[in-house]
Amino acid sequence: MTSPTQIDELRNEYRNRQVRWGFIWALTCAVLWGAWYVPGSVIYAESPFVDAPTSGGGYLLAAVVVTILNAVAVLIAMAVWVAVLGKTKDYGRTLRQVKISRWYLPAGLAGMLAIFGSVVAIAYIGAGFSAVAALLYPIVGALAARAWYGETITKRAALGIVVIVLGGVVIFAPGILGEISGAGGGAWLGYLGGVCAIVGWGLEGAIAGRALDVSDPDVGLTLRFTAEVAIWLVIVVPICSIAAGATFWATIGAALASPTVLLLLVLLGLTFGFCYVSWYKSFPLIGVGRGQAIAALYGPLALVWLYVFTLEPPGLEFVIGGLIAVIGSFVLFTEKRDVLEVLRAVPARSTRTSTSARQEA
Amino acid sequence: MSNKQSMHMKGYVLQLFADRGPLWTDAVIDAVEAEYGVSGPYWRGTVRLTLVDLYAGGLLSEQEATVDPERTQGEERVLFKYALTDFGRERMAQSGLATNRGGVPA
């Protein structure tokens with residue numbers, strides 16, 4: 001027979017594990033998001049993207065093609081993932097629940113704008129600016145989730161989010177000043193891209209957090225990428241086809257004919273796909289604000305990954321900024337567990353009333 | 001009548017609570033296994049995770065906890081009794097789960 005005290009201990013252990021897994025998923029997202037920058041940067045050094053003209057919208061076209069192929073690669077990776085989990089039928093069932101699945105359309109649109117904005121910011125201003133701009137997205141996500149559906153953001157959580165963002169800014173600040181002063185005539189496109197990344201990823205998280213209330217994270221993410229690919233194919237591809245004509249299709253053809261680009265697309269699909277899976281899985285467990293803030297550790301982690309592959313050591317600002325970001329994540333992780341167990345500020349109809357032991361084993 | 005052809009698993013779990021009232025973890029697992037023709041540790045874990053998601057999101061509230069190895073395949077595992085919250089009913093209404101019924105058996 002298990003005593004009420006033992007049941008309480010087991011119950012608390014279970015709930016602690018629930019919260020711990022939320023943080024593990026968010027951290028996994030950060031690791032994979034950081035890793036995505038390796039194939040995400042290398043692909044621009046490969047033909048046909050390396051040959052894109054720097055003027056006349058050549059960069060923009062390259063960014064569009066990379067983002068489309070990235071979305072398709074992630075969708076393929078997710079379709080395999082959902083099949084392995086035995087959830088393919090659940091994907092179809094959720095898709096048919098239109099009042100639920102329709103929310104993944106704006107989530108996909110917001111995410112698509114964020115990814116594209118990020119890629120444009122890299123092309124027109126620089127990777128440092130793009131990374132810092134994106135790091136600000138948890139602030140938008142946390143505020144939107146709180147205003148829209150009352151997600152609990154304590155003062156401590158707000159402090160943790162701000163400290164993590166500050167750490168990211170410290171890491172990239174010296175590089176940004178050089179990038180901004182050296183930005184060319186198309187710089188406004190880069191700034192616009194940065195704003196798209198902040199608002200897009202923040203809003204995507206808030207919208208997804210709402211849809212995930214009533215749908216499975218693995219299935220929900222696959223629906224979100226289905227929506228993104230559909231928007232690209234139905235709206236953007238025809239526009240590009242008219243605007244850029246043969247150049248657009250030649251770029252796609254050359255990319256798909258290159259074995260190196262195909263390998264990079266596989267790596268993009270795996271890193272970005274599973275980073276997104278982890279992101280979506282963390283939201284129901286620790287909330288959109290916390291999940292996004294921990295995932296923002298991708299900034300320092302991207303530099304670690306790039307160092308592993310290029311052996312170019314990051315500067316002192318990386319060490320200082322990285323430490324600040326890690327302190328911020330500890331501020332979040334050490335928050336009181338009872339605050340984290342139930343994430344919404346909703347009046348409960350009934351609360352936990354008793355712990356019972358089975359008297360007859 | 002079964003609604004397995006139209007309802008996704010998380011939606012079905014919410015409808016179970018709406019129709020039957022507070023339920024223990026093992027009762028939800030039994031219902032899901034019967035509805036979708038699945039079984040084994042993987043699917044039991046999937047249902048438990050779904051319940052954790054719904055609890056953390058405030059759609060379900062925890063009413064009781066117990067340990068009974070006879071109901072958890074001999075393992076010493078916590079079983080929870082959950083109930084649908086008002087917020088859970090509100091989200092079901094907003095997402096069409098309250099009206100789009102496939103006839104969850106009472």
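In what follows, every chain begins at residue 1, and chains take the letters A, B, ... in the order their sequences are listed. Everything numeric in this text was worked out from a predicted model, so none of it was measured.
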Quick one: are [X] and [Y] in side-chain contact, heavy atoms under 4.5 Å?
| X | Y | answer |
| --- | --- | --- |
| Glu62(B) | Arg15(A) | yes |
| Pro217(A) | Asp53(B) | yes |
| Arg210(A) | Arg91(B) | yes |
| Met7(B) | Gln97(A) | yes |

Taking all non-hydrogen atoms of both residues into account, name the closest pair between Pro284(A) and Ala56(B) and its distance.
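Heavy atoms only, the tightest pair is O-CB, 3.1 Å.
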Whether over 12 other heavy atoms sit under 6.0 Å from Trp33(A) CH2:
yes
Within 6.0 angstrom of Trp43(B) CH2, more than 12 heavy atoms from elsewhere:
yes
Point-to-point distance, once rounded to the nearest 0.5 Å, from NZ of Lys99(A) to OG1 of Thr99(B)
5.5 Å
Hey, what do you get for CD (Gln94(B)) to CD1 (Ile100(A)), rounding to the nearest 0.5 Å?
11.0 Å
Heavy-atom contact with chain B under 4.5 Å, split by part of Leu85(A)
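Both backbone and side chain.
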Which portion of Ser95(B) sits near chain A, non-hydrogen atoms under 4.5 angstrom:
both
Taking Val98(A), Leu10(A), Val219(A) one by one, which has the highest count of heavy-atom pairs under 4.5 Å against chain B?
Leu10(A)
Would you sort out whether Lys10(B) and Asp216(A) count as a salt bridge (Lys or Arg N to Asp or Glu O under 4.0 Å), showing the intermediate values?
CA-CA 7 Å; Lys10(B) 204 166 187 174; Asp216(A) 178 87; over 6 Å; no
Give a yes or no answer on whether the side chain of [X] reaches the backbone of [Y] with a donor-acceptor pair at less than 3.5 Å.
| X | Y | value |
| --- | --- | --- |
| His8(B) | Val214(A) | yes |
| Asp213(A) | Leu54(B) | no |
| Tyr14(A) | Arg77(B) | no |

Taking the six-membered ring of Tyr36(B) as reference, does the NZ or CZ atom of Arg93(A) fall below 6.0 Å from its centre and within a 45° cone about the axis?
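No, cation not above the ring by the 6.0 Å, 45° rule.
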